[in-house]
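The structure appears right after this line, and notes come after that.
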Amino acid sequence: MRKNSNNVFQSFSEISVSEALVWAKSFSLEDESLWSFEIELLLSEVTGISRESLYAWPNRVLKSEQRAIFAESVERMKAGEPLAYVIGFCEFWSLKFQVNPSVLIPRPDTELIVEAALALPSSDNEHIEVLDLGTGSGAVGLSLAYEKPLWQITGIDNSSAALAVAAENANALGLHNVRLLERDWYKKIPLPSQSSEGYQIILANPPYLSKDDNHLSGLGLSCEPIHALVSENNGLADLYRIITIAKNLLDLDGWLLLEHGYNQRVAVENFFLESGFVDVKCLRDVAGNARVSMGKNA
Ligand SMILES: C[S@@+](CC[C@H](N)C(=O)[O-])C[C@H]1O[C@@H](n2cnc3c(N)ncnc32)[C@H](O)[C@@H]1O
């Protein structure tokens, strides 16, 4: 977190945990309970006091540096910056992922594709080759690498800044079964390093919003990298491109799993079938929305 002393909060000579919470919570705009939760997480991060213990130590006085960081962080959140960028990390698959504005903040919804990959019949095999297209922070690929130390994961992204974040995350998680490559899926994508055969699993959470999608102005998305979010052809261009190239990158009987928008299921399933995939099916998130489609290479 950055520091900035130019803040009205700095005029207090001393401020306690409870006063800091009351001050910051008073700025709540729309979702009061989310704002309140995030302010508690922020103060916990700044002070090193667990969120649960903040209320056990209401009179603990913030050090002047903590006060400065907290005040500036609240200002950034008031301006619409997501908490994850402000504190520099978020949780995904119960793991800690560093993030910065060059990567999409991993969403809980995306855990569905990780779960689906772990439930595939091939997941019982000790060594399989997995390709994570558009790895970003590494959320999907690194979670699989963590769960399955004998799997070999290749993470690809066309953003070198995103790959630098993924590399830091792989390092922090102590993963040695991952290779990260800067490639564009409109150009050549390499086969697995340890064999001339194809991948057994390919996954992607590619950009799939159309450029006029009204979600782009809300949910903090305006702070996130546009090339991670938006795709041509009403959001379908990258999904179609990945289905097309996956045919030649997958082993026979290998699986392709794609996250997509809740209203793209029919288009994605049809394209899977037209491209020669079999056993095509769709998985729904907890809210019942169709969010992951998958098919087997035949
Ligand atoms: C929606 S983000 C997903 C990030 C991460 N997998 C996750 O689920 O949190 C899509 C990612 O695809 C990458 N990307 C977009 N177009 C690409 C292309 N043509 N080739 C390779 N990567 C691309 C972006 O840089 C971004 O990191």
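Order of listing sets the numbers, starting from 1, for every ligand and every atom in it.
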Give a yes/no on ligand 1: does [X] have at least one heavy atom closer than 4.0 angstrom to it?
{"X": "R183", "answer": "yes"}
{"X": "I156", "answer": "no"}
{"X": "D157", "answer": "yes"}
{"X": "S137", "answer": "no"}

How long is the gap from [atom1] on [X] to [atom2] on [Y], to the nearest 0.5 Å?
{"X": "Q264", "Y": "E269", "atom1": "CD", "atom2": "CD", "answer": "12.5 Å"}
{"X": "E259", "Y": "L112", "atom1": "CD", "atom2": "CG", "answer": "7.5 Å"}
{"X": "L41", "Y": "L54", "atom1": "CG", "atom2": "CG", "answer": "9.0 Å"}
{"X": "N169", "Y": "T135", "atom1": "CG", "atom2": "OG1", "answer": "9.5 Å"}
{"X": "K296", "Y": "W255", "atom1": "NZ", "atom2": "CH2", "answer": "6.0 Å"}
{"X": "L239", "Y": "N205", "atom1": "CG", "atom2": "CG", "answer": "9.0 Å"}

So which heavy atom in the protein is nearest [atom], and how far is it from that ligand atom?
{"atom": "atom 16 (N) of ligand 1", "result": "W185 CZ2, 3.5 Å"}
{"atom": "atom 15 (C) of ligand 1", "result": "H227 O, 3.5 Å"}
{"atom": "atom 19 (N) of ligand 1", "result": "D184 OD1, 3.0 Å"}
{"atom": "atom 9 (O) of ligand 1", "result": "P106 CA, 3.8 Å"}
{"atom": "atom 1 (C) of ligand 1", "result": "A228 O, 2.9 Å"}

query: Quick one: are Y208 and L236 in side-chain contact, heavy atoms under 4.5 Å?
result: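 Counting from C-beta outward, Y208 and L236 never come under 4.5 Å.
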Taking 4.0 Å as the limit for heavy-atom contacts, which would you say applies to [X] with ligand 1: side chain only, backbone only, both, or neither?
{"X": "N205", "value": "both"}
{"X": "T135", "value": "backbone"}
{"X": "F92", "value": "neither"}

State the atoms of ligand 1, each with its element, that fall below the 4.0 Å cut-off from a heavy-atom position in [X].
{"X": "L104", "answer": "1 (C), 9 (O)"}
{"X": "Y186", "answer": "19 (N)"}
{"X": "G136", "answer": "4 (C), 27 (O)"}

query: With under 30° as parallel and over 60° as perpendicular, where do the rings of F97 and F92 fit, or are they tilted in between?
result: perpendicular
- prompt: Given G134, G138, S160, which has its nearest heavy atom closest to atom 12 (O) of ligand 1?
  reply: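 Answer by nearest heavy atom: G134.
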Got a salt bridge between [X] and [Y], using NZ or NE/NH1/NH2 to carboxylate O under 4.0 Å?
{"X": "K25", "Y": "E40", "result": "yes"}
{"X": "R107", "Y": "E224", "result": "yes"}
{"X": "K148", "Y": "E126", "result": "no"}

N/O to N/O below 3.5 Å, does that happen between [X] and ligand 1?
{"X": "T110", "value": "no"}
{"X": "D238", "value": "no"}
{"X": "N158", "value": "yes"}
{"X": "D132", "value": "no"}

query: How about S33 and D31: does a side-chain donor come under 3.5 Å of a side-chain acceptor?
result: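 Indeed, the side chains of S33 and D31 share at least one donor-acceptor pair under 3.5 Å.
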